[in-house]
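Structure first, commentary second.
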Protein chains: 2
Amino acid sequence: MRNLKMTVSYDGSEFNGFQAQPIGRTVQGELERAIRSIVGHEVKIIGSGRTDAGVHAYGQVFNFLTHMTIPVERWPFALNTKLPDGIIIRSAEEVNLEFHARHFSKRKIYRYAICNSQYSNVFRRKYEFHISRYLDFEAMSEAAKYLVGTYDFTSFRSTRSTVRNHVRTIYRSEWVRDGETVYYYVEGDGFLYNMVRIIIGTMIQIGDGKKSAASMPSILAAMDRNAAGPTAPAHGLTLWQVMY
Amino acid sequence: MRNLKMTVSYDGSEFNGFQAQPIGRTVQGELERAIRSIVGHEVKIIGSGRTDAGVHAYGQVFNFLTHMTIPVERWPFALNTKLPDGIIIRSAEEVNLEFHARHFSKRKIYRYAICNSQYSNVFRRKYEFHISRYLDFEAMSEAAKYLVGTYDFTSFRSTRSTVRNHVRTIYRSEWVRDGETVYYYVEGDGFLYNMVRIIIGTMIQIGDGKKSAASMPSILAAMDRNAAGPTAPAHGLTLWQVMY
């Protein structure tokens, strides 16, 4: 038995989220279908975590067990020929049998993209949230810094979240400008349901002058979803990297 | 009567070319439908030229005549709300009544994108031609230089082309690398049918070592479509800018 770990990119606009579910085409469903067509039987993959409908991935990671002895370096090409073009396996490696893509993940990086120009970029419209009005990025950059550290992120989690422990550690939280697009990178040991999108919705309010950057600590301290801003749209968000 | 000149971006993967035709959704058809919904009657727009099915535009230009007195700076926003999201008007200005987007165009710039990496980039797959094998970009860059000047481009035009004069002047012809993507920029006083795509197909043969860079002058001199390489796929090509 071999345990294969793979890195996959996908265009979230073409799938109904990562996790397999009864209705709609999902990334996990497409991956399992492609693997099945190679190994000849049902296979269950383990993702590093789910991504919501509309959220993209550059470096999502998953693993699965197989008896197939195809050399590991041939797997990406073999699977890519069976996958829809919105999903691309970028690498594969054999790992210890105990490796588990969700349990072993140590840190994740998410990236959120905002196109802050008068009109959206037609070639990136599915991957960037377009905001034509002025945003105060200095204030947003200042706000971002307050999130680095270990905090209870209850204010920044969907009330539909069912996990009990809301304490997470954030190692990096910053905005980077590239022309008319501004990217928010956030690296943490884990993220609550909708956490990055609520952080973004809150920072957009700060960019709009509706909240001050200095209000971030009190929003965290409130431990109340109503203290934060709205949930930003899914299509600006990309699961960038998963670290083990 | 006012003559409005507009710059438009579009995602060629979602339309059946620029020019209005009986079958399929075209960029011109969508623009004329959107303008009609604002002015209340049929309008015929004049594009700087057609783009083939699958070819994108960053800066296509068109003009049309209207009696509407909406301030010119409001037109892009008004039209964008009526257009599908794969078409974005980027700017509008009022020009002299004699201005004609096709007849007055002096130069055009096209850009062709090749993703030269093992796997394609999922977020740019519709705008880049993916080639995983090694390409000799030094040879391709050398080949590109031979096209600068005034030449008869008969070898680089589709045999379905009906224009008689095949002499065109090229002002810029060069490859620019940006990470795993390489862009070819070509600026000229005009382009024959499929000309850029045949230039690319020929340069890919040079990158593959099937032809030498130094063979470009003899390919031009042959004035025979068979002397050049195949027509590269449409989806890597973008009409970048039209100059007046």
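Below, chain A is the first sequence line, B the second, and so on; all start at residue 1.
Within 6.0 Å of the NE2 atom in A/His41, the count of heavy atoms belonging to other residues, nucleotides or ligands exceeds 12. Annotation for A/Arg50: atom CZ does not count as buried by contact number, only 12 or fewer foreign heavy atoms lying within 6.0 Å. B/Phe77 CZ: 12 or fewer foreign heavy atoms inside a 6.0 Å radius. Within a 6.0 Å sphere centred on OH of A/Tyr58, heavy atoms belonging to other residues, nucleotides or ligands number 12 at most.
B/Val122 approaches A/Ile87 most closely through the heavy-atom pair CG2-N, 4.2 Å.
For the atom pair B/Ile88 CD1 and A/Phe123 CZ, the distance stands at 9.0 Å (nearest 0.5 Å).
For the salt bridge (charged side-chain N to carboxylate O under 4.0 Å, His left out) test with A/Asp85, the passing option among B/Arg125, B/Lys126, B/Arg124 is B/Arg125; the others fail.
Heavy atoms of A/Ser120 lying under 4.5 Å from chain B belong to its backbone as well as its side chain.
In terms of non-hydrogen atom pairs under 4.5 Å with chain A, the most contact-rich of B/Gly86, B/Ser132, B/Ser9 is B/Gly86.
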